[in-house]
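By convention in this document, chain letters (A, B, ...) are assigned in the order of the sequence lines, proteins followed by strands, and residues within each chain are numbered from 1.
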Amino acid sequence: MQSLIPQRLMEMYERLLSHFGPQFWWPAETPLEVMVGAILTQNTNWNNVEKAIINLKKNNHLTLKALSDLDFNDLAQEIRPAGYYNVKARRIKNLIRFIVDNFQGDFSLFLKEKTITLRENLLTVKGIGPETADSILLYALKRPVFVIDTYTHRILRHHNIISEEENYHSLQNLFIDNMPKDQCLFNEFHALIVQTGKTFCKKKPKCDDCPLYQW
DNA sequence: CACCAGGCAAGTA
DNA sequence: TACTTGCATGGT
């Protein structure tokens, strides 16, 4: 008997897209803004991230050079609304240093690196784990990788597609191996999953009106 | 008031 | 290897 996973995933995607419409991710003007936002949003509500981004923009600090030159404590204060500001300031500094050191601060060089190598290298940066690395690859560099987050786990678990002890990599492969490897599809799908999670799949699930009801 | 958000690293046994 | 804990603001 053949696997029904591809059809189920595609139906899930279509249901979510019909219900919510396109999400237009990532909400940022430049790749660098995506990358900084990817760190700021770690375990944090996007509303708080926006406040931090506004501060950075207000001071013209969303460039490689500005972030590179910016004093650590000043950076921490500007991103304060996003929470964990000392941790995140260090992580942003680590990411900026990674680009400056490995690509001579040349963004176009950074953009040319092969996806596999770039992912490996990003994961060596302290503060960049699998979700942040994949968010950068998908939303800043437009590479066809699938991003997994807590909502993805929660929703697929709730609908009995996966077991409790599924790890990041195997869950990521579930999508990659069972769907067209399309950057636009992966972009939209992950965004829709997050939107669904925020709306219906919190700790107290609101299953009424959820587009995945009886999916 | 308690709970949680688009994680990750470091510490412990 | 498998748990646990620290990080922190702002919305509901």
Checking the side chain of A:Ser170 only, and the main-chain atoms of A:Glu166 only, is there a donor and an acceptor separated by less than 3.5 Å?
no
Partner set under salt bridge (Lys or Arg N to Asp or Glu O under 4.0 Å) for A:Asp69, not counting sequence neighbours:
A:Lys65
Determine the interplanar angle of the A:Phe103 and A:Phe110 rings, folded into 0 to 90°, and report it as parallel if under 30°, tilted if 30 to 60°, perpendicular if over 60°.
perpendicular
Roughly how many Å apart are B:dC4 and C:dA8, using the C1' atom of each and rounding to a whole number?
12 Å
In numerical order, the residues of residues 176-199 of chain A whose heavy atoms come under 4.0 Å of DNA chain B are A:Val194, A:Lys198
Rounding to an integer number of angstrom, what distance separates B:dC8 and C:dG10 when you compare their P atoms?
23 Å
Range on DNA chain C touched by chain A, heavy atoms, distance below 4.0 Å:
C:dC7 to C:dG11
Without hydrogens or angle criteria, can the side chains of A:Thr152 and A:Asp149 be said to hold a donor-acceptor pair below 3.5 Å?
yes
For A:Arg15, all residues meeting side chain to side chain donor-acceptor pair (under 3.5 Å), sequence neighbours excluded:
A:Glu11
Taking atom P in both B:dG6 and C:dG6, compute the distance separating them and give it to the nearest angstrom.
23 Å
As a quick check of understanding, evaluate side chain to side chain contact (heavy atoms under 4.5 Å, CB included) for A:Leu62 and A:Ile53, giving each step before the final call.
CA-CA 8 Å; A:Leu62 269 183; A:Ile53 298 270; 4.2 Å; yes
Would a distance-only check, ignoring hydrogens and angles, find a side-chain to backbone donor-acceptor pair under 3.5 Å from A:Lys126 to A:Arg91?
no
By a strict heavy-atom criterion of less than 4.0 Å, which residues belonging to residues 73-98 of chain A are in contact with DNA chain B?
A:Arg91
Begin from the C-alpha positions of A:Ile136 and A:Ile128 and carry the test side chain to side chain contact (heavy atoms under 4.5 Å, CB included) through to its verdict.
CA-CA 10 Å; A:Ile136 289 171; A:Ile128 298 193; 4.2 Å; yes
So where does chain A start and stop touching DNA chain B, 5' to 3', when the test is distance under 4.0 Å to a non-hydrogen atom?
B:dC4 to B:dA10
Do A:Ile39 and A:Val87 belong together in a cluster built from hydrophobic side chains that touch within less than 4.5 Å?
no
For a side chain to side chain contact (heavy atoms under 4.5 Å, CB included) with A:Leu185, tell me which candidate from A:Tyr13, A:Phe175, A:Phe146 qualifies.
A:Tyr13
Under the side-chain contact (heavy atoms from CB on, under 4.5 Å) test, residues paired with A:His61 that sit two or more places apart
A:Leu56, A:Asn59, A:Ala66, A:Leu70, A:Glu78
Mark yes when over 12 heavy atoms from residues, nucleotides or ligands other than A:Lys142 sit less than 6.0 Å from its NZ; otherwise mark no.
yes
State, to 0.1 Å, how close A:Arg90 and A:Phe72 come at their nearest heavy-atom pair, and which atoms those are.
N-CE1, 3.4 Å
If the C1' atom of C:dG11 is compared with that of B:dC1, how far apart are they to the nearest Å?
14 Å
When rounded to the nearest 0.5 angstrom, what is the spacing between CZ in A:Phe189 and CG in A:Leu9?
5.5 Å
Trace of the side chain to side chain contact (heavy atoms under 4.5 Å, CB included) decision for A:Ile99 with A:Phe107
CA-CA 8 Å; A:Ile99 297 173; A:Phe107 222 81; 4.3 Å; yes
Which side chain to side chain donor-acceptor pair (under 3.5 Å) pairs, counting each pair once, include a residue from residues 27-36 of chain A, with sequence neighbours left out?
A:Glu29-A:Lys57, A:Glu33-A:Lys57
In numerical order, the residues of residues 23-49 of chain A whose heavy atoms come under 4.0 Å of DNA chain C are A:Asn43, A:Asn48
For A:Arg157, check salt bridge (Lys or Arg N to Asp or Glu O under 4.0 Å) against everything at least two apart and list the hits.
A:Glu164
Partners meeting salt bridge (Lys or Arg N to Asp or Glu O under 4.0 Å) with A:Arg119 (sequence neighbours left out):
A:Asp134
Can you sort out which residues in residues 122-156 of chain A have a heavy atom within less than 4.0 Å of DNA chain B? Ascending by number, please.
A:Val125, A:Lys126, A:Gly127, A:Ile128, A:Gly129, A:Pro130, A:Glu131, A:Thr132, A:Asp149, A:Thr150, A:Tyr151, A:Arg154
